[in-house]
Amino acid sequence: MNYWLIKSEASTYSIDDLQKDKQTPWDGVRNYQARNFMRDQMQIGDKVIFYHSNDNPPHIAGFAKVASKPYSDATQFDKKSHYFDPKSSDENPRWFLVDMAFDKKCKRKIGLDELKNDKNLEGLMLIKKGQRLSIQPVSKEHFEYIEKLCN
DNA sequence: GCCAACGTTGGC
DNA sequence: GCCAACGTTGGC
């Protein structure tokens, strides 16, 4: 069992959208490190923190679960998609994703400030300066602590 | 293989 | 809207 944090702009795809959809392919990730986490390490049932970036304030909004094995991201082949990648091919797809399933919403929004000021969350990748990775591993301890904050 | 130019992320 | 951080691209 692994623990993760995923970012999404609330205005683009929020936890409410995921709740409505129940499950969705986590497409559009175009960063190799993030891809590698999905392709090489994520397993069905892994627990995921859902973070709303670019919100006011940015915050943790809830939880999701990994709901599929990794497979290739269809948007890379779609010429009309913002995520189209001409360098990718059917034989050798460059980008992979997993499905994310809705788990639960936080009872309150856990703002970035609060996360930064919480001694229990020291070392959490999200709150390190300049950390832009949209998929990050989270320790079990941090995950369980954040779960408590949300209840 | 270096590195300048450029693009994106995301907090503020 | 600004800009720091950082990843990618491409010329050499």
Side-chain angles (χ1 to χ4, degrees), chain A residues 2-21 23-42 46-66 70-139 141-143 145-150:
Chain A
N2 298 308
Y3 301 88
W4 307 96
L5 180 145
I6 59 174
K7 297 182 190 173
S8 184
E9 295 188 24
S11 56
T12 305
Y13 193 88
S14 71
I15 187 100
D16 292 319
D17 293 322
L18 183 59
Q19 184 169 29
K20 216 178 305 158
D21 294 342
Q23 188 167 327
T24 196
W26 203 249
D27 59 21
V29 174
R30 294 293 179 269
N31 171 284
Y32 288 107
Q33 245 185 302
R35 177 205 67 182
N36 292 347
F37 285 136
M38 288 201 285
R39 189 189 60 184
D40 305 335
Q41 292 190 39
M42 280 195 182
D46 279 1
K47 294 181 173 184
V48 180
I49 296 166
F50 199 113
Y51 176 78
H52 283 165
S53 61
N54 263 318
D55 205 5
N56 192 20
H59 61 276
I60 286 172
F63 296 90
K65 278 185 178 175
V66 175
Y71 58 100
S72 79
D73 181 340
T75 62
Q76 69 194 305
F77 305 120
D78 178 0
K79 284 211 171 81
K80 293 187 297 273
S81 169
H82 176 64
Y83 299 116
F84 176 66
D85 184 346
K87 290 181 182 155
S88 195
S89 66
D90 280 325
E91 306 78 50
N92 191 16
R94 190 184 268 207
W95 304 111
F96 287 80
L97 53 69
V98 297
D99 286 352
M100 290 292 173
F102 177 76
D103 184 8
K104 63 188 171 192
K105 279 178 74 168
C106 282
K107 296 214 171 95
R108 62 188 184 88
K109 297 175 174 181
I110 317 295
L112 185 57
D113 257 2
E114 180 178 347
L115 298 170
K116 278 182 177 165
N117 290 325
D118 194 326
K119 287 269 184 298
N120 293 299
L121 293 175
E122 262 174 34
L124 184 68
M125 201 185 280
L126 177 72
I127 56 184
K128 284 190 186 145
K129 199 183 170 200
Q131 185 48 260
R132 300 179 309 165
L133 201 56
S134 64
I135 295 180
Q136 310 176 350
V138 176
S139 71
E141 290 70 29
H142 283 160
F143 185 95
Y145 181 74
I146 289 167
E147 245 182 342
K148 267 185 237 156
L149 290 180
C150 280

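Residue numbers begin at 1 in each chain, while the letters A, B, ... track the order of the sequences.
Taking atom CG of A/L133 as the reference point, atom P of B/dT8 lies 17 Å away to the nearest angstrom. The separation between A/E9 atom CD and B/dG10 atom P is 7 Å, rounded to whole Å. Taking atom CD of residue A/Q131 and atom P of nucleotide B/dG11, one finds them 11 Å apart after rounding to whole Å. Rounded to whole angstrom, the span from the NE2 atom of A/H82 across to the P atom of B/dT8 amounts to 7 Å. The nearest whole Å value for the distance from the NZ atom in A/K7 to the C1' atom in B/dT9 is 8 Å. As a whole-Å value, the separation of A/Y32 OH from C/dG7 C1' is 10 Å. For the pair A/I60 CD1 and B/dG11 P, the computed distance is 12 Å after rounding to whole Å. Atoms CG (A/D55) and C1' (B/dG10) sit 12 Å apart, rounded to a whole Å.
The side chain of A/Y51 sits closest to B/dG11 out of C/dA4, B/dG11, C/dT9. Residue A/K87 places its side chain closer to C/dG10 than to any other of C/dG10, C/dG7, B/dG10.
Nucleic acid contact class of A/K116 (heavy atoms, under 4.0 Å, all strands): sugar-phosphate only.
Residues A/T75 and A/R30 have side chains that bring a donor and an acceptor to within less than 3.5 angstrom of each other.
Mapping A/R30 and A/K129 onto DNA chain C via the closest heavy atom, the residue that lands nearer the 5' end is A/K129. Nearest-nucleotide assignment on DNA chain C puts the 5′-proximal partner with A/N54, out of A/G130 and A/N54.
Under 4.0 Å is where a charged nitrogen must lie from a carboxylate oxygen, and between A/D17 and A/K20 at least one such pair does.
Expressed to the nearest 0.5 Å, how far CD1 of A/I146 lies from CD1 of A/I110 amounts to 8.5 Å. In this structure, A/Q76 CD and A/F84 CZ are separated by 9.5 Å, a value rounded to the nearest 0.5 Å.
Side-chain N/O atoms of A/R132 and base N/O atoms of B/dT8 include a donor-acceptor pair closer than 3.5 Å.
Taking the six-membered ring for Trp and the full ring otherwise, A/W95 and A/Y32 have centroids separated by under 6.0 Å.
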